[in-house]
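Residue numbers start at 1 and run along the sequence shown.
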Amino acid sequence: MPSFFRRKILILVLVAFIIFVTLIGFSIRERENISAPERFILDTTGVLQSIIHTPVEWVDNSIETFQDVLRVYEQNEVLKERLAEYEGLIVENQELEEEIEELRGTMERAEGLEKYSPVQASVIARSPERWFEQVTINRGSKHGIEKDMAVITKEGLIGKIQSTAAFHSTVKLLSGFDTSNKISSWVVKKNGDNVFGLVEGYDEESGRLLLGGINLDVKLKKGEKVISTGLGGVFPSRLQIGTVDEVKNDEYGLTKTAYIEPAADLYEVNQVIITRRSDQNDKESQEENS
């Protein structure tokens, strides 16, 4: 009896397997028409695939777009950093070129001071309280700097030493000069008849030097150069002071006053030269004075 049931079950399994194989073969063969169950399964599967595929595709596209944006952002940040570096290098290069040009100019100016031992110095500070009147340089008495020595730049005269310490000095700029700080000067004429005058002040309103003591009968032209005469022993001769900009009669009508445009920029001072007399010239000067 048990063996009969086993054979029956085996027969049923074989029959089911044959039917299953037959159905698979029937379904995979090429047909123009499919059965209703197959159409239902196909439509159902298509709808489910569409429902699942749409959000999956949207998420995939969103992730790809975000990755693209992130890559563009990172590249943009790198480009910004490089651009900032290039801009910094350009500014630094311009500053170095300006400094080199200024140093070259001061060296050329120093070569023209035959009777002096010029000392080069750098401006290290500018007093906020007296910004337009004085600066501090990195040379002092240890470098042979003394009070009242003339100070120039490549453009011309800017002032004189006001006070000294061992390694630093204070320079009184022309913009801080008054009647107690006069500079004997020549207004250079083309015919050689130079006109004498005294730089005896600074007009803060116009930013020009005041050249006084000019005779009324003297005619000055705008643009004529003003240089130092070298008289008095403080300022060397032939230093550029400025150019004539305007001429007016003084308040008493006895002399003329010329407004002089300074040759040097008194507000942008970085490299300077102190006109220190050499020892030999000091001896000659003392012999001349005696």
Side-chain angles (χ1 to χ4, degrees), residues 88-113 115-178 180-183 185 199-210 226-228 233-243 260-278:
L89 289 174
I90 291 173
V91 172
E92 184 177 355
N93 185 50
Q94 290 176 343
E95 291 176 350
L96 287 174
E97 287 180 354
E98 291 175 359
E99 186 174 351
I100 290 171
E101 183 64 25
E102 188 170 0
L103 286 171
R104 185 182 292 115
T106 55
M107 290 178 67
E108 292 174 354
R109 178 67 65 181
E111 291 173 356
L113 301 172
K115 294 183 179 181
Y116 294 81
S117 298
V119 178
Q120 294 188 13
S122 299
V123 174
I124 60 171
R126 198 157 187 163
S127 173
E129 297 81 10
R130 308 184 69 180
W131 181 268
F132 300 112
E133 297 182 11
Q134 65 183 36
V135 296
T136 302
I137 59 174
N138 61 348
R139 293 292 184 270
S141 59
K142 292 293 185 180
H143 306 94
I145 308 303
E146 297 177 0
K147 179 178 170 59
D148 288 335
M149 286 182 174
V151 182
I152 64 174
T153 65
K154 65 176 183 177
E155 289 89 7
L157 182 67
I158 64 165
K160 67 177 183 177
I161 299 297
Q162 184 178 30
S163 60
T164 62
F167 300 100
H168 301 88
S169 299
T170 299
V171 178
K172 189 177 187 64
L173 300 174
L174 293 177
S175 51
F177 274 35
D178 52 25
S180 63
N181 297 278
K182 297 182 180 181
I183 308 172
S185 310
V199 175
E200 53 188 12
Y202 181 81
D203 183 43
E204 294 183 0
E205 185 176 348
S206 63
R208 298 177 295 182
L209 300 170
L210 301 175
V226 180
I227 62 174
S228 59
V234 175
F235 299 97
S237 61
R238 301 193 306 276
L239 291 181
Q240 295 286 340
I241 297 176
T243 55
I260 308 301
E261 191 69 35
D265 188 345
L266 303 179
Y267 306 119
E268 290 293 334
V269 184
N270 298 305
Q271 302 295 326
V272 300
I273 296 174
I274 303 96
T275 57
R276 181 174 63 87
R277 281 186 178 273
S278 63

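Taken to the nearest 0.5 Å, the CG atom of L266 stands 9.0 Å off from the CG atom of L157. Atoms OG1 and CD, on T164 and E146 in that order, are 8.0 Å from each other to the nearest 0.5 Å. In this structure, NZ in K154 is found 10.5 Å from CG in D265, a value given to the nearest 0.5 Å. Between atom CD1 of residue I161 and atom OG of residue S169 there is a gap of 4.5 Å, rounded to the nearest 0.5 Å. Here CD of E200 is found 11.0 Å from OG of S180. Values are rounded to the nearest 0.5 Å.
Closest non-hydrogen pair, I273 versus Q120, comes out as CG1-CG, 4.3 Å. Smallest separation of non-hydrogen atoms from L209 and Y202: CD2-CD1, 3.6 Å. In terms of heavy atoms, R126 sits closest to Q134 at CG-O, 3.7 Å. Nearest heavy atom pair, residue P262 against residue G207, reads CD-O, 3.7 Å. Nearest heavy atoms, G156 versus A264: O-CB, 4.0 Å.
Residues satisfying the side chain to side chain contact (heavy atoms under 4.5 Å, CB included) test with E133, not counting sequence neighbours, are R130. With sequence neighbours left out, the side chain to side chain donor-acceptor pair (under 3.5 Å) criterion links S141 to no other residue. Partners of F167 by ring-ring contact (aromatic ring centres under 6.0 Å, His included), not counting sequence neighbours: none found. In this structure, the side chain to side chain donor-acceptor pair (under 3.5 Å) partners of K160, at least two apart in sequence or on a different chain, are D148, N181. Qualifying side chain to side chain contact (heavy atoms under 4.5 Å, CB included) partners for T243, counting only residues two or more places apart in sequence or in other chains: K225, E261. The side chain to side chain contact (heavy atoms under 4.5 Å, CB included) search around A121 returns I137, N138, R139, V272, I274, not counting sequence neighbours.
Here the side chain of S175 pairs no donor or acceptor atom with the backbone of L173 at under 3.5 angstrom. For the pair T170 (side chain) and Q162 (backbone), a donor-acceptor distance under 3.5 Å is absent. Of the possible polar contacts, none joining the T136 side chain to the I124 backbone as a donor-acceptor pair under 3.5 Å is found.
Between I241 and F235, every side-chain heavy-atom pair lies at or beyond the 4.5 Å cut-off. A 4.5 Å side-chain heavy-atom check between I183 and L239 finds every atom pair outside the cut-off.
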